[in-house]
Amino acid sequence: MTSDKREVSSDEEDTPLSQTSKRRKVSPLQDSDDDISESTPESVSSTTRSVSSTSAVDVSNDEDDIALSQVSENVKAKSSGDGKGKEKIKNKGRIETGSRSKKTKVKSESSESSESNQKKARSGIKKIKQEENSKKAGGVKKLKKEENESESTIEEKREEEVDNSYKWWEANNDDDTIKWHTLKHNGVIFPPAYEPLPSHVKLYYGNQPVDLPVKAEEVAGFFAALLESDHAKNPVFQKNFFEDFLQVLKECGGPLNGVEVKSFDKCDFSKMFAYFELQKEQKKQLSSLEKKSLRFEREKLEEPFKFCELDGRKEQVGNFRIEPPGLFRGRGAHPKTGKLKRRVYPEDVVLNLDRTAAIPPLCEGQKWGEIRHDNTVQWLAMWRENISNSFKYVRFAASSSLNGQSDFKKFEKARQLKDYIDPIRADYRKNLKNKVMLERQKAVAIYLIDVFALRAGGEKSEDEADTVGCCSLRYEHVTLKPPNTVIFDFLGKDSIRFYQEVEVDKQVFKNLTIFKRPPKQPGHQLFDRLDPSILNKYLQNYMPGLTAKVFRTYNASKTMQDQLDLIPNEGTVAEKNLKYNAANRTVAILCNHQRSVTKNHAQSVQKANDRIQELEWQKIRLKRAILELDKSQLKKRQKFFEEIDDLTKEDEASIHKRVIEREIDRCHKKFARENEKRKSENEELLTESDLEEWLAKVEDKRKLFEKELKTNEIDINNATIEKLEKQIEKLEQRIEVSCIQLKDKEENSQVSLGTSKINYIDPRLSVVFCKKYGVPIEKIFTKSLREKFKWAIESVDENWRF
DNA sequence: TCGTCAACTTAGTAGATGTTAG
DNA sequence: CTAACATCTACTAAGTTGACGA
């Protein structure tokens, strides 16, 4: 289930060392590289070790640099010998995130004036606030925007339709700070109350059954349910779970039968686990009718929550169910993994809807945490979660107009980058030699982001998994191998490993060397003067709205376009589909989108290989048969018979064995199944002798194979050369198909195509591909993707290019 | 100027559902 | 038809980013 792709190290220890509340970055001494010697007023000291520069820009930084020696304690230092054993130096002064003063800003209510939004100012649109407007839903009239660069201004469509066929992409929707004018919905679905276990199912401590209070039993159950998963084997998970479990247990007065639960190791959850398994099994056993009616009930319950009304139109809601309580399943080496995720109640939930909307009813005695009317955001409800104290949102579905619009914007922005990318690239190449360290770091960072599709890499707190992106790369994540090879090895988002050995630009290599120069050491930031906000601010100078992540979108879509361009318009739909997937895969690899190999991947590859080998064997047999009919063929068609001795005797024997075993197995199964059926229909059962009979046939076959192996002679019952050749041809086709499928399977086993398809590849590329190549869109986009990308499907002709 | 954080986007996985080989 | 396998969806964790406040 879990693959080795995600690196987990649970042996991490926080060592409080310094009192500094802030993480300090370490900078190498000013660059003395040969390539910076021209003098500019700004020029920086070129003395290697001492900082003598008085130049404007970098002085202060240099002073920082001097302070280096003392800095190590302020630094998030990870000494890692083998990359496994990590040691964090924790910042003591960290503030507990929990105690934030909650300033509820009510944007929508407050007037125009408070919103100094540039976008608004620039576009000079009159905001139409929800209040002013809610009555005339749909009849929204906006002033036209004068400076919409790329788009021709389409006349505003004033549609009254209250269905979901609203085509926002045909409307002129220029303001996105106001997300809606009216918004009505029915709230959220809360998880069902906990149902206590039957009294015979218990946690055991040692061999004593423990009578847990209901609340504690629930928590124990969360763990029990995961008993056979990797989580339950993770010591951090166990520890966090157990702490929270004991806490809950204490709060409800301890076990009812006085057992003292102290040590995790003595807890035996297996009875509980077995019970859950049993329940699962029973659920599976239900008749299809029962299942159907259960499903029907569920649908009925969910129906009101599935949709909401936005500006008078019906739109789908995404995650309308509140997340149920459970154990937090953090990814990678998350320090909080296993902690109890508490139950969310109505009073924890903030609803967002318009002023005139009916407030969804609750049960007697319950009330919503807050009702808000904020039309500048696109969430319907939210609550604060207790693991990292952040918010969870109930939002629109992916197919909603609002999400579609932001998607569209995202891709348009990425497309826009086309027009700026050349100067940007020229600049960062140039700046690789900039005398100012900060500029150089920017240049290298953008290079990495552009070329290797790294993420921005924001700073993370100590109570999250230690993962990095570009700006947060540390000394130990980059290994330099002269002349210009770099090995990246770090954990990125979701603790997915990024490992690449690549050749880089000479100057980039040089700079990385500088960035790693002593006194820097493992644990120190490579880009000690950089963070995403600095980088993004810099990027904005090139193009409004340009940020680090746009490069990923741009490069992904650009790559896809290039790959699609290479595909010849020929072959079957299936073949084209395969080619599309290959293109998709290039992108996924670029973005490092991985997935874990499935539990039985190896096995299924083995199976497929066996299968192919068997086909080969059959083919060879047939060829031998031909030769038996006509020996002279061997000389005449050497090529045709070249693989005839490919299989060793051992290979052949093992194939025989496999085939025979499979057939025997099949006989047994068929026998069992058949009798099962007859039994239920009260027919006469097959007897053992029937089975014997089948097996005897297989045995005959086995003997035949055995003989064949000895004599090399094939039993040709009245086959002709022509017939044999026909069969061979068929086999060859099957072999080829199987090989392609296998290859595809192997290549895809660790690569996840979905993420790039959903988030990075401009869907219009896929639509154009389908149109041009006559591939049905259903082959490429699943139903939900077709809904999400409706705007692309309906708006593009086959000449469109990214 | 800086840190914080709300809001939105991107991410992999578990389990449901659909498909197919046998 | 059934099991095995592939595919899809729901779920929720984990990123990025701009706005905000001190």
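All chains are named by letter (A, B, ...) in the order of the sequence lines, taking the proteins before the strands, and each is independently numbered beginning at 1.
In terms of phosphate contacts, A:Asn759 brings no side-chain nitrogen or oxygen within less than 4.0 Å of OP1 or OP2 of B:dT9. Under 4.0 angstrom from either OP1 or OP2 of B:dT10 there lies at least one side-chain N or O belonging to A:Lys410. Between A:Gln603 and C:dC5 there is no side-chain polar atom (N or O) within less than 4.0 angstrom of OP1 or OP2. Side-chain N/O atoms of A:Arg329 include none lying less than 4.0 angstrom from OP1 or OP2 on B:dA11. Proximity of A:Thr755 to the phosphate of B:dG12: a side-chain N or O atom is located under 4.0 Å from OP1 or OP2. Phosphate contact (OP1/OP2 of B:dA11, side-chain N/O of A:Arg455, threshold under 4.0 Å): present. Within the 4.0 Å cut-off from OP1 or OP2 of C:dT17, not a single side-chain nitrogen or oxygen of A:Ser533 is found. Between A:Lys537 and C:dG18 there is no side-chain N or O to OP1 or OP2 distance below 4.0 Å. Between A:His593 and B:dA11, a side-chain N or O to OP1/OP2 separation shorter than 4.0 Å is present. In this model, the phosphate group of B:dG22 is approached by a side-chain N or O of A:Arg611 to a distance below 4.0 Å at OP1 or OP2. Within the structure, every side-chain polar atom (N or O) of A:Thr467 is placed at least 4.0 Å from both OP1 and OP2 of C:dA14.
Judged as a ring pair (Phe, Tyr, Trp, His ring centres under 6.0 Å), and not counting sequence neighbours, the contacts of A:Tyr393 are A:Trp379.
Listed for the A:Asp531 side chain is no donor-acceptor partner under 3.5 Å among the backbone atoms of A:Gly458.
Projected onto DNA chain C by closest heavy-atom contact, A:Ser604 and A:Thr547 fall at different nucleotides, the more 5' of which corresponds to A:Ser604. Toward the 5' end of DNA chain C, the nearer of the two residues A:Lys413 and A:Glu385, judged by each one's closest nucleotide, is A:Glu385. Between A:Gln378 and A:Ser752, it is A:Gln378 whose nearest contact on DNA chain B lies nearer the 5' terminus. For the pair A:Trp379 and A:Ser756, both in contact range of DNA chain B, the more 5′-proximal nearest nucleotide belongs to A:Trp379.
Rounded to an integer number of Å, the gap from NZ of A:Lys179 to C1' of C:dG18 is 12 Å. Rounding to whole angstrom units, CG of residue A:Asn352 and C1' of B:dA7 are separated by 12 Å.
Here A:Gly754 lies out of heavy-atom contact (under 4.0 Å) with every strand. If you check every strand for non-hydrogen atoms under 4.0 Å, A:Tyr760 touches sugar and phosphate atoms only.
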Can you name the atoms? Protein N/O to nucleotides 8-12 of chain C N/O, anything below 3.5 Å, with the distance.
unit_1, atom_1, unit_2, atom_2, d
C:dT9, OP1, A:Ser784, N, 3.4
C:dT9, OP2, A:Thr782, OG1, 3.0
C:dT9, OP2, A:Ser784, OG, 2.6

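For A:Lys549 against C:dT16, no side-chain N or O and base N or O form a donor-acceptor pair under 3.5 Å.
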- [ ] Show your reasoning for whether side chain to side chain donor-acceptor pair (under 3.5 Å) applies to A:Ser756 and A:Asn584.
- [x] CA-CA 8 Å; A:Ser756 51; A:Asn584 192 161; 3.1 Å; yes
